[in-house]
Amino acid sequence: MSGRYAPSPSGPLHLGNLRTALIAWLQARLAAMPFILRMEDLDLPRVKPGSSEQIIADLRWLGLDWDEGASITNPGSGGPSAPYAQSARNPFYQKAFQQLLDKDLIYPCYCSRKDIQQAASAPHLHENGPIYPGTCRDPEMRAEMERRHPDKPAAWRYRAPARTIEFEDRLVGRVSQTLDREVGDFVIKRADGLFAYQLAVVVDDGLMGITDVVRGADLLDSTARQIELFEALDYLIPNFWHVPLMLDAQGARLSKRDGSDSLELWRQQGKSAEAVIGFLAHSVGLIDRDCSISARELVQELTLEGLRQRLVVAARE
Ligand code: GLU
């Protein structure tokens, strides 16, 4: 049994990211299981130099610790499931890719963005644009697309089965998604050669023996796809805890880009780690008053079921 926090080092963590980190840490500590820090630095074009180190320093400053995973001096090492940085885990993704290929669950796709938009007269929209109409699923159509784009390297897509995935999120409750209709054939390896988040996260959680995935509710929509991959790769399917995202005063999601909710700003204003932990915990209903409290003290205040119940209430709001 183990839990994890898996930040993307694309900039400093904002308070919303830190709140998710705190909840993931609390969940693992209250369940008395190892906690892993994994750097999701796979999308190299988006990685900001120095960001991993900053994330590690910020988590440490807040009093959040981990039993395995990235450290400042050696982001790749730190335990039996090393390396803990996705950029160093390509051989594992390659192996999983081969397994999916052997089972004929994936196929190369030569379509451009424009092709996808044009292929369906009224394309169904998914979070990242239109649902892929399945053009390259058909070998003849694929050959035609390859002819049309002779210089375009292929992306690889997973054949979304006509199957409804149902799961019980520990916080959100029952969730169901029909893969072919609501998701479509999704990319597991991008045309630029990078493995997609959807594949990497499943391989990592599977191989690291993660039993509880605690993360932001923005990833709820990815979960059915990931369950499909967990099964296809014969890994244990973890429990999912999708925690509410922190919103700004206007009700918008926080973004890493504008930096207005960075820990650095709070630190410059003289706030202590305990004041930040107290604010974060109170903002999601884990404590009744906004007071100074250390992460360790917070563990003493809560039980695992108490944590879950308070988060269920916050998730409903
Ligand atoms: N790396 C992702 C993020 O920072 C989280 C992925 C996950 O927890 O599954 O949003």
Side-chain angles (χ1 to χ4, degrees), residues 2-28 35-48 51-56 58-59 64 66 68-70 75 81 83-89 92-93 96 127-128 167 169-172 175 177 186-188 190 194-230 233 235-247 253-257 261-263 311 315:
S2 51
R4 50 74 155 183
Y5 181 56
S8 302
S10 53
L13 299 181
H14 56 55
L15 291 175
N17 301 134
L18 291 167
R19 188 171 78 177
T20 302
L22 171 65
I23 297 169
W25 180 85
L26 283 169
Q27 194 278 333
F35 187 56
I36 294 177
L37 179 68
R38 181 173 75 229
M39 282 299 164
E40 300 215 322
D41 58 351
L42 194 63
D43 192 352
L44 288 173
R46 294 185 54 211
V47 167
K48 292 238 166 64
S51 181
S52 293
E53 291 78 1
Q54 184 66 50
I55 289 172
I56 290 170
D58 285 351
L59 295 175
L64 307 183
W66 49 97
E68 291 176 36
S81 302
Y84 293 91
Q86 288 192 326
S87 56
R89 297 180 59 79
F92 298 108
Y93 309 141
E127 96 239 61
N128 298 324
F167 64 98
D169 187 275
R170 301 281 288 135
L171 302 181
V172 179
V175 179
Q177 200 173 43
F186 53 95
V187 172
I188 60 144
R190 301 173 2 179
L194 290 176
F195 287 103
Y197 158 72
Q198 305 293 355
L199 180 74
V201 75
V202 169
V203 171
D204 291 347
D205 286 337
L207 293 180
M208 292 180 182
I210 302 297
T211 50
D212 292 85
V213 169
V214 181
R215 62 185 180 192
D218 51 333
L219 290 165
L220 186 61
D221 194 56
S222 291
T223 307
R225 244 171 295 184
Q226 293 173 9
I227 289 175
E228 170 70 23
L229 289 175
F230 274 108
L233 293 165
Y235 298 135
L236 181 87
I237 300 171
N239 296 316
F240 291 96
W241 305 56
H242 284 94
V243 307
L245 297 182
M246 189 183 271
L247 305 176
R253 270 192 205 179
L254 306 188
S255 117
K256 278 185 185 166
R257 247 162 294 137
D261 298 287
S262 75
L263 188 58
L311 291 171

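Numbers here are sequence positions counted from 1. First listed ligand is number 1; within each ligand, the first listed atom is number 1.
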- Query: If every non-hydrogen atom of Gly16 is compared with every non-hydrogen atom of Leu254, which pair is closest and at what distance?
  - Reply: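 Looks like N-CD1, 3.5 Å.
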- Item | Approximate separation, where rounding is to 0.5 Å, of Arg4 CZ and Glu40 CD |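 The CZ atom of Arg4 sits 6.0 Å away from the CD atom of Glu40.
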- Message: Nearest 0.5 Å, please: how far is CG in Asn239 from CD1 in Ile210?
- Response: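 The CG atom of Asn239 is 12.0 Å from CD1 of Ile210, to the nearest 0.5 Å.
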Which residue and heavy atom of the protein sit nearest [atom], plus the separation:
atom	value
atom 1 (N) of ligand 1	Glu40 OE1, 2.7 Å
atom 7 (C) of ligand 1	Arg4 NH1, 3.3 Å
atom 5 (C) of ligand 1	Ala6 O, 3.4 Å

- Message: Can you confirm, on distance only, whether ligand 1 has an N/O atom lying under 3.5 Å from any N/O atom belonging to Ser8?
- Response: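 It does: an N or O of Ser8 is found under 3.5 Å from an N or O of ligand 1.
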- Per-atom contacts, ligand 1 versus Val201 - under 4.0 Å to a heavy atom: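 What qualifies from ligand 1 is 9 (O).
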- Taking only heavy atoms of Tyr197 into account, list the atoms of ligand 1 that are under 4.0 Å away from them.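 What qualifies from ligand 1 is 6 (C), 7 (C), 9 (O).
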- Item | Phe35 side chain reached by Tyr5 side chain, heavy atoms, under 4.5 Å |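 With C-beta onward as the side chain, the pair touches.
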- With the threshold set at 4.0 Å, does a side-chain nitrogen-carboxylate oxygen contact exist between Arg190 and Asp43?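 Looking at Arg190 and Asp43, the cut-off is met.
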- With the threshold set at 4.0 Å, does a side-chain nitrogen-carboxylate oxygen contact exist between Arg170 and Asp212?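 Here Arg170 does not pair with Asp212 in a salt bridge, since their nearest N and O are not under 4.0 Å apart.
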- Query: Does ligand 1 have an atom that lies less than 4.0 angstrom from a heavy atom of Tyr5?
  - Reply: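 Per 4.0 Å heavy-atom rule, Tyr5 does not contact ligand 1.
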- Quick one: does ligand 1 sit under 4.0 Å from the side chain of Leu219, the backbone, both or neither, non-hydrogen atoms only?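 Side chain only.
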